K.L.:
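I have a structure I would like to understand better, so I am pasting it below and will then ask my questions one at a time.
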Amino acid sequence: MAEKLPPAFYTRADVVQVARDLIGKYICTRIDGILTGGRIVETEAYSGENDMACHANAGKRTPRTEIMYHEGGVAYVYLIYGLYALFNVITNVAGKADAVLIRAIEPVDGIPEMLLRRQHSRLSPKLTAGPGVLTRALGIQVAHYGTALTGDLIWLEDRQEMPSGNQIIASPRVGVAYAGEDARHPWRFRLQGSPWTSPAK
DNA sequence: CTAAGGATTAACT
DNA sequence: GTTAATCCTTAGT
């Protein structure tokens with residue numbers, strides 16, 4: 001039932017399509033030997049060098065963005081505001097700096113461990129709704145920068161149980177007002193009606 | 001070498 | 001609804 005997404009899923013040229021396809025897929029980690037995971041309900045696409053909101057815009061190549069030029073199927077994890085690790089999936093072929101940011105998941109596997117990591121006592125959307133908190137629940141850290149998503153530490157799965165009747169909503173991305181024209185692209189995708197999406201409006 | 005600022009969150013009022 | 005926390009990356013000197 002549950003199959004890891006193959007390399008060909010990530011190497012496709014249309015990052016916006018990949019971001020849309022990731023809604024309803026599962027992200028899992030086995031960190032410290034403990035399986036945790038959930039269903040992806042919110043993503044954003046960042047489209048390489050021509051996207052002002054992308055870290056690698058205008059071909060910017062730095063130690064941090066270097067992994068974005070890798071062939072699709074590896075993790076780009078970076079720290080924001082000195083506090084939170086944000087997890088991105090690198091897509092497209094080598095040399096194209098496309099990425100999909102995972103913004104929210106619905107907790108499914110290893111919920112007790114995720115509650116522990118987040119210091120929550122009860123299951124609620126706050127556990128994994130938001131790009132900086134879902135990584136904490138899953139145990140993803142900046143040290144996982146560059147991890148191959150075909151391995152056994154962090155991976156994505158298709159459980160072929162995308163709920164029918166749920167639509168995917170496209171809207172402008174969050175927190176990228178500085179990106180000018182590019183801020184208007186409807187490259188944020190959410191599962192309609194899901195209580196597990198991020199609080200950002 | 002130094003300084004400014006960020007793809008956010010949690011704890012407030 | 002508002003605001004402080006917090007530190008790495010980047011760009012400029």
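This is a predicted model, so every value here is computed, not measured.
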K.L.:
Taking the side chain of A:M68 as heavy atoms from C-beta outward, which of B:dT9, B:dA7, C:dT9 is closest to it?
P.N.:
B:dA7

K.L.:
Are A:V176 and A:L79 grouped together when hydrophobic residues (ILVMFWY) are joined by side-chain heavy atoms under 4.5 angstrom apart?
P.N.:
no

K.L.:
Does the side-chain ring of A:Y81 sit on the six-membered ring of the B:dG6 base, less than 5.5 Å centre to centre and under 30° in tilt?
P.N.:
no

K.L.:
If you find the nucleotide of DNA chain C closest to A:L83 and the one closest to A:T62, which residue's nucleotide is nearer the 5' end?
P.N.:
A:L83

K.L.:
Starting from P on C:dT9, measure out to CZ on A:R61 and report it in whole angstrom.
P.N.:
18 Å

K.L.:
Checking contacts here: which listed nucleotide (C:dT10, B:dT9, B:dT8) is nearest the side-chain heavy atoms of A:V174?
P.N.:
B:dT8

K.L.:
Rounded to whole angstroms, how far apart are CZ on A:R64 and P on B:dG5?
P.N.:
16 Å

K.L.:
Which heavy-atom pair separates A:K4 from A:T150 by the least distance, and what is that distance?
P.N.:
NZ-O, 3.8 Å

K.L.:
Would a distance-only check, ignoring hydrogens and angles, find a side-chain to backbone donor-acceptor pair under 3.5 Å from A:Y145 to A:R64?
P.N.:
yes

K.L.:
Rounded to whole angstroms, how far apart are OH on A:Y78 and P on C:dC8?
P.N.:
16 Å

K.L.:
For A:R118 and B:dA10, is the shortest distance between a side-chain N/O and OP1 or OP2 below 4.0 Å?
P.N.:
yes

K.L.:
Closer than 4.0 Å, any side-chain N/O of A:K60 to the OP1 or OP2 of C:dA11?
P.N.:
yes

K.L.:
For A:R103, report the nucleic acid contact type (base, sugar-phosphate, nothing); a contact means any heavy atom under 4.0 Å.
P.N.:
sugar-phosphate

K.L.:
Just the rounded figure in Å: distance from P of B:dT8 to CZ of A:R173.
P.N.:
12 Å

K.L.:
For A:A13, what residues pass the side-chain contact (heavy atoms from CB on, under 4.5 Å) criterion, not counting sequence neighbours?
P.N.:
A:N92

K.L.:
Using a cut-off of strictly less than 4.0 Å, decide whether A:Y178 has a side-chain nitrogen or oxygen near OP1 or OP2 of B:dA7.
P.N.:
yes

K.L.:
Check this one for me: any side-chain N or O of A:R136 less than 4.0 Å away from OP1 or OP2 of B:dT9?
P.N.:
no

K.L.:
Under 4.0 angstrom, heavy atoms only, what part of the nucleic acid is A:L101 near: base, sugar-phosphate, or nothing?
P.N.:
base

K.L.:
Counting only N and O atoms by type, is there a donor-acceptor contact under 3.5 Å from the side chain of A:D182 to the main-chain atoms of A:M52?
P.N.:
yes

K.L.:
What contact category does A:V142 fall into here, base, sugar-phosphate, or nothing, at under 4.0 angstrom with non-hydrogen atoms?
P.N.:
nothing

K.L.:
Give me the one residue out of A:R188, A:R20, A:R190 that meets salt bridge (charged side-chain N to carboxylate O under 4.0 Å, His left out) with A:E42.
P.N.:
A:R188

K.L.:
Could you run through DNA chain B and flag its stems, i.e. three or more consecutive Watson-Crick or G-U pairs with both distances under 3.5 Å?
P.N.:
B:1-6 with C:7-12, B:8-12 with C:1-5

